[in-house]
Amino acid sequence: MRRAVCPGSFDPITCGHLDIIGRASKLYDTVHVVVMINNSKKGLFSLEERLALIEEVTAEFGNVVVESFHGLLVDFCKQRDIPAIVKGLRAVSDFDYELQMAQMNNGLSGVETLFIPTNPTYSFLSSSLVKEVAAWGGDVAHLVPAPVLRELRGKLARD
């Protein structure tokens with residue numbers, strides 16, 4: 001069985017993330033989408049909210065498992081015998097950082113990293129940008145799945 005992991009903070013998951021996860025789901029039998037926990041970061045969405053949203057918007061793929069993990073990504077991979085990490089690349093600047101991470105991960109554990117170029121439609125997109133635009137009242141409906149838009153609007157209306 002071919003398995004891979006798509007890691008991230010997913011605060012919130014965007015159409016760009018979903019595009020990469022969907023493309024990975026066609027290449028692998030099982031794709032583990034893992035929300036990496038960073039205690040030093042305070043997200044807009046709680047861990048539980050992120051997990052629930054990711055499960056909802058990836059259900060259509062049928063081969064995605066959604067989990068969270070605190071620690072090194074390579075430890076997650078070793079614990080589950082996952083040989084590959086899938087990452088989306090938006091720009092050359094992403095490549096510089098992600099190449100270093102890929103080489104470190106491979107050196108630590110032998111896990112390979114597959115880079116998938118982002119769909120040009122989403123090449124500028126980040127969760128941070130979505131939150132900022134939405135907070136100022138901008139329309140992000142075309143940048144996030146409908147369930148995420150609903151929850152994002154609800155959160156921002158309460159703040």
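- Contact annotation: the side chain of Cys77 approaches that of Ile85 to within less than 4.5 Å [non-hydrogen atoms, C-beta and beyond].
- Partners of Ile37 according to the side chain to side chain contact (heavy atoms under 4.5 Å, CB included) rule, which considers only residues two or more places apart in sequence or in another chain, are Asn39, Leu47, Ser68, His70.
- Follow the hydrophobic side-chain contacts under 4.5 Å out from Leu156 and you reach Leu129 in the same cluster.
- Between Arg90 and Leu125, the closest side-chain pair of non-hydrogen atoms is not below 4.5 Å.
- We find the OG1-CE distance between Thr30 and Met1 to be 4.0 Å, quoted to the nearest 0.5 Å.
- Environment of CD in Glu132: sparse, with no more than 12 heavy atoms of neighbouring residues, nucleotides or ligands closer than 6.0 Å.
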**Asked** Hey, mind stepping through Phe10 and Val33 against side-chain contact (heavy atoms from CB on, under 4.5 Å) and telling me if it holds?
**Response** CA-CA 10 Å; Phe10 304 108; Val33 176; 3.8 Å; yes

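- Applying the ring pair (Phe, Tyr, Trp, His ring centres under 6.0 Å) test to every pair with at least one member in residues 44-69, sequence neighbours left out, gives these pairs: Phe69-Phe76.
- Atom OG of residue Ser109 and atom CE of residue Met104 lie 11.0 Å apart, to the nearest 0.5 angstrom.
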**Message:** Pair Asp75, Lys78 - check side-chain contact (heavy atoms from CB on, under 4.5 Å), show working.
**Reply:** CA-CA 5 Å; Asp75 290 338; Lys78 280 194 269 186; 3.6 Å; yes

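- Contact annotation: the side chain of Leu114 approaches that of Leu27 to within less than 4.5 Å [non-hydrogen atoms, C-beta and beyond].
- No continuous path of ILVMFWY side-chain contacts below 4.5 Å connects Val65 to Val34, so the two sit in separate hydrophobic clusters.
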**Request:** Let me see the working for Leu143 and Leu149 under side-chain contact (heavy atoms from CB on, under 4.5 Å), right down to the final yes or no.
**Result:** CA-CA 9 Å; Leu143 303 177; Leu149 182 64; over 6 Å; no

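- Between Leu44 and Lys155, some side-chain heavy-atom pair lies under the 4.5 Å cut-off.
- Here the closest non-hydrogen pair linking Lys87 and Thr113 is CG-CG2, 4.0 Å.
- No side-chain heavy atom of Ser9 sits under 4.5 Å from any side-chain heavy atom of Val35.
- When all heavy atoms are compared, the tightest approach of Cys6 to Ala24 is SG-CB, 4.1 Å.
- The distance from the CG atom of Leu89 to the CD atom of Glu98 is 6.5 Å, given to the nearest 0.5 Å.
- No chain of hydrophobic side-chain contacts below 4.5 Å, direct or via other Ile, Leu, Val, Met, Phe, Trp or Tyr residues, connects Val5 to Ile54.
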Name the atoms and distances for all side-chain donor-acceptor pairs under 3.5 Å in residues 13-22, with sequence neighbours left out.
residue	atom	partner	partner atom	Å
Thr14	OG1	Gly16	N	3.2
Thr14	OG1	His17	N	3.2
Thr14	OG1	His17	ND1	3.3
His17	ND1	Thr14	N	3.0
Asp19	OD2	Arg23	NH1	2.9

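- The main-chain N or O of Arg2 is found under 3.5 Å from a side-chain atom of Asp29 such that the two form a donor-acceptor pair.
- Taking 4.0 Å as the cut-off between side-chain N and carboxylate O, Arg150 and Glu56 count as a salt-bridged pair.
- At a threshold of 4.5 Å between side-chain heavy atoms, the hydrophobic network of Ile, Leu, Val, Met, Phe, Trp and Tyr places Val57 and Leu51 in one connected group.
- At a threshold of 4.0 Å, the pair Asp11-Lys131 counts as salt-bridged, since one of the basic side-chain nitrogens sits closer than that to a carboxylate oxygen.
- Within the 4.5 Å cutoff, no side-chain heavy atoms of Val111 are placed close to those of Ile82.
- There is no path of hydrophobic side-chain contacts, each under 4.5 Å, that joins Val31 to Val74.
- Rounded to the nearest 0.5 Å, atoms CG (Asn63) and NE2 (His32) are 10.0 Å apart.
- Asn105 contributes no side-chain N or O that, together with a main-chain N or O of Gly110, makes up a donor-acceptor pair within less than 3.5 Å.
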